[in-house]
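Scroll down for the structure; my scribbles are underneath it.
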Amino acid sequence: MIQVRGLSKRYGSLTAVDGVSFSIAAGEAFGLLGPNGAGKSTIIHMLGGLIEASSGEIQIDGSSDPTKPSVRAQLGISPQGLAIYDDLTGEENLSTFGSLYGLSGSRLKERIHWALEFAGLSDRRKDRVHAYSGGMKRRLNLACAVIHDPRVLICDEPTVGVDPQSRNHIFDSIEALRKQGTTLLYTTHYMEEASRLCDRVAIMDHGKILAVDTVDKLIAAHGGKSVVHAELNQAPKPGTSLPGTLEGTAFKMDTDRPFEVVAELGRSQLDIRSLNVVRPDLERVFLKLTGRRLRDE
Amino acid sequence: MNALWALAKKDLLLLVRDKFALFWIFAFPLMFALFFGSVMGGGGSDSKGALTIAVVDQDQSDISRALAANLAKDKAVRLVRQGDAPESPDAPIETPSLEEARQLVQKGKRTAYLRVPKGFGDNPYAIFSGGGGGEVALEIGIDPGRSAEAGMLQGILMKSIMGSLRERFTNKDALQQDVAAAREEIASSSSLPAGQKLALTGLLGALDLFTQQFDLARLGGGESSATGDAEASPIKVVDVTRETGKKPRSAFDITFPQAIVWSLMSVAMGCAITLARERTTGTLTRLCMAPIGNTHLLGGKALGCFLACLAVMGILIAFGVFALGVRVGNWAYLGLALSCTAVCFTGLMMTMAVMGKTEAAVSGSAMGMMMPMAMLGGGMIPLIAMPKWLIQLSAISPFRWAISSVEGAAWREYAFSDMLLPCGILLAMGAAFFALGVLVFQRTQS
């Protein structure tokens with residue numbers, strides 16, 4: 001559905017996107033995971049034909065010109081900022097954007113009704129957006145992107161500043177679209193979102209893709225081992241045999257089989273105050289690949 | 001077309017819901033027009049609210065002089081006095097000829113004139129008998145557009161006539177003279193039957209006796225309560241249309257075109273700021289990623305601004321015509337002028353919209369661009385009051401051509417060929433500003 005090869009964008013001496021390549025199959029959910037400034041939004045702007053690439057190639061459904069109206073009509077873009085009109089009602093916002101995608105008459109009304117249900121805003125359809133909560137605005141922002149039933153949904157950090165309830169609503173909505181076969185390109189700097197929603201994830205930093213694969217494979221390749229932490233009430237007797245390292249009363253062990261280690265600790269008759277198992281995740285993958293944490297930026 | 005209209009409708013809704021913008025679009029220009037219109041004399045020469053009347057006394061009788069004196073006592077009427085102290089109540093009332101009075105009304109210096117024809121004093125009661133023999137008892141000359149003032153003046157006039165007659169009824173000598181004259185007329189009449197002559201002579205004899213035995217002055221205590229029934233009275237209203245003569249008929253004729261351009265300036269600035277707001281809020285990103293292209297995007301914004309300009313001008317013109325008596329000489333030309341003006345300000349909007357990336361930047365730049373144009377173009381000082389060199393300099397301002405075209409259609413009596421110059425310049429300026437705006441927009445987008 002989408003193919004990107006050697007895509008770059010330079011602003012003077014600054015390289016925002018540096019030779020990025022990836023492809024997204026029809027119906028696939030693909031995540032771009034990286035900190036702010038990694039180049040995720042720039043890639044989306046190039047895919048939407050908003051800015052021109054300095055080099056490289058984009059192909060969307062076989063077309064290499066993302067500015068073509070026929071190509072744009074297949075995309076639904078939910079920008080990072082709230083791209084909705086505060087002084088219009090939810091219904092008027094949907095009507096405006098739906099009309100831009102060629103909807104009119106009964107089809108437009110039908111889609112507005114669907115989109116309001118999708119966003120959970122049917123009972124607030126006549127209210128102006130400035131009276132909405134932050135989460136409601138985010139949901140409307142997403143609904144405006146899908147009013148025309150696009151084949152590809154591009155979400156640029158759709159949950160920024162959203163309360164947990166609205167975040168879950170957004171996740172559920174996106175998952176419902178995926179079940180209908182919508183292709184998804186999702187950018188985020190929240191690893192748990194990428195883990196939940198995406199089939200494959202590209203780890204990005206400083207305009208480059210560092211790794212692309214499924215979440216499990218990325219973790220397996222770059223996440224390292226699970227870590228078992230235990231805090232003892234008193235140091236074990238000298239000569240006691242333990243599988244990991246012990247510093248005072250703190251026990252730690254890196255392992256591929258953490259539950260076996262926990263069972264062994266139980267059998268050792270140690271006086272354990274607390275026990276913690278840390279499994280590798282995308283955060284660890286990012287740390288491993290970049291030497292920095294995702295949200296430190 | 002669907003997308004164009006959707007964009008225009010969206011902009012119109014946003015403009016209508018912006019209370020701050022609405023103040024500058026409607027309230028401020030109206031206050032401007034009303035304030036300066038009032039300062040400059042409002043609806044005409046009668047600045048104190050009274051009807052300024054010229055009395056043409058062709059009768060020069062006691063009755064006609066009493067009528068004028070009674071008229072002068074009415075607070076709703078002002079009779080201009082002669083000499084160096086025209087406002088002094090002791091100075092004699094001006095006595096223009098009929099032609100002079102007609103010209104005073106034509107030029108708007110008097111609201112109306114009252115002609116008291118020769119012979120009015122000989123038979124003042126003819127006012128109640130339809131004029132008698134087809135002769136008009138009194139004549140009011142007034143612009144037919146001032147129907148309200150004409151009706152009011154007829155009422156005031158009837159009141160004054162009744163006051164004059166009451167004075168005559170309560171004057172023993174005058175009444176006895178009238179009775180004696182009536183007796184002679186009855187006696188000499190060959191058409192009256194003998195029976196009627198006898199009855200009328202008897203009635204007049206009784207009246208004569210009544211006037212000799214009673215103190216008539218005691219009867220004159222109350223206010224006269226005349227009716228101003230124009231249909232029943234033989235007061236003829238004469239059409240004296242005020243001279244248009246390519247001059248404004250009222251100060252509002254001057255201040256209203258100014259108010260219109262102030263409104264349009266606010267509309268254009270409001271629309272320009274919405275484009276900057278779209279940029280800062282991110283809606284522009286969404287619009288630019290829609291399958292419509294820049295032509296539709298900017299076309300929709302232009303259509304919204306154009307329609308807003310037309311709507312605002314329509315509302316202001318309606319208010320001016322119905323509430324303030326602003327008159328339009330040629331509605332078709334006015335439509336042409338307003339359309340061309342709307343095109344020009346739409347073009348200006350496009351240039352202003354790209355003069356900054358934020359609302360504050362666009363607002364500041366637009367103000368810096370528009371204010372000098374407004375001042376130079378007659379938005380503040382009326383073109384009619386500008387020295388020649390300033391009028392020549394004002395040619396660079398679209399405000400000047402907008403005002404010229406509107407004034408040309410309203411009261412300057414422009415022919416179609418006269419309208420072509422300001423309208424053509426407005427269209428050319430509009431196209432140039434629009435092209436400049438589109439060019440800069442496309443460059444900044446890329």
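Note that the structure is predicted; figures quoted are calculated from it, not measured. Just the heavy atoms: all of them, side chains too, but no hydrogens, waters or symmetry mates, feed the values below.
- Shown here is A/H130, whose NE2 atom has more than 12 heavy atoms of other residues, nucleotides or ligands within 6.0 Å.
- We find the CD1-OG distance between B/I292 and A/S99 to be 10.5 Å, quoted to the nearest 0.5 Å.
- Looking at heavy atoms from C-beta onward, B/K9 lies out of side-chain contact with A/T96 at the 4.5 angstrom threshold.
- For the atom pair CG of B/L14 and OH of A/Y85, the computed distance is 7.0 Å after rounding to the nearest 0.5 Å.
- Most heavy-atom pairs under 4.5 Å with chain B: of the set A/R128, A/K68, A/H148, A/Q74, this distinction falls to A/R128.
- For B/R286 against A/P79, the heavy-atom pair with the smallest separation is NH2-CD, 3.6 Å.
- Proximity to chain B involves both the backbone and the side chain of A/N141, based on heavy atoms less than 4.5 angstrom apart.
- Heavy atoms closer than 4.5 Å to chain B are found in both the backbone and the side chain of A/I84.
- Expressed to the nearest 0.5 Å, how far SG of B/C288 lies from CD1 of A/I77 amounts to 11.0 Å.
- In terms of heavy-atom proximity, B/R17 sits nearest to A/T89 at NH1-N, 4.1 Å.
- Among the candidates A/S104, A/G81, A/G49, the residue making the largest number of heavy-atom pairs closer than 4.5 Å to chain B is A/S104.
- Residue B/L284 holds its CG atom at 8.0 Å from CG of A/L50, rounded to the nearest 0.5 Å.
- Counting only heavy atoms from C-beta outward, the side chains of B/T281 and A/L82 never approach each other to under 4.5 Å.
- Contact record, B/K10 with A/L88: CG-CD1, 3.8 Å, taken as the closest heavy-atom pair.
- In this structure, A/Y101 and B/P291 approach most closely via the heavy-atom pair CE2-CD, 3.2 Å.
- Neither the backbone nor the side chain of A/L75 comes within contact range of chain B; no heavy atoms are under 4.5 Å apart.
- The environment of CD in A/E110 is crowded: more than 12 heavy-atom neighbours from other residues, nucleotides or ligands sit within 6.0 Å.
- Put simply, the side chain of B/L287 reaches to within 4.5 Å of the side chain of A/F97, judged on heavy atoms.
- Heavy atoms of other residues, nucleotides or ligands lying less than 6.0 angstrom from CE of B/M367 number 12 at most.
- B/N2 contributes a side-chain N or O that, together with a main-chain N or O of A/L103, makes up a donor-acceptor pair within less than 3.5 Å.
- With values rounded to the nearest 0.5 angstrom, B/T285 atom OG1 is found 5.0 Å from A/H45 atom NE2.
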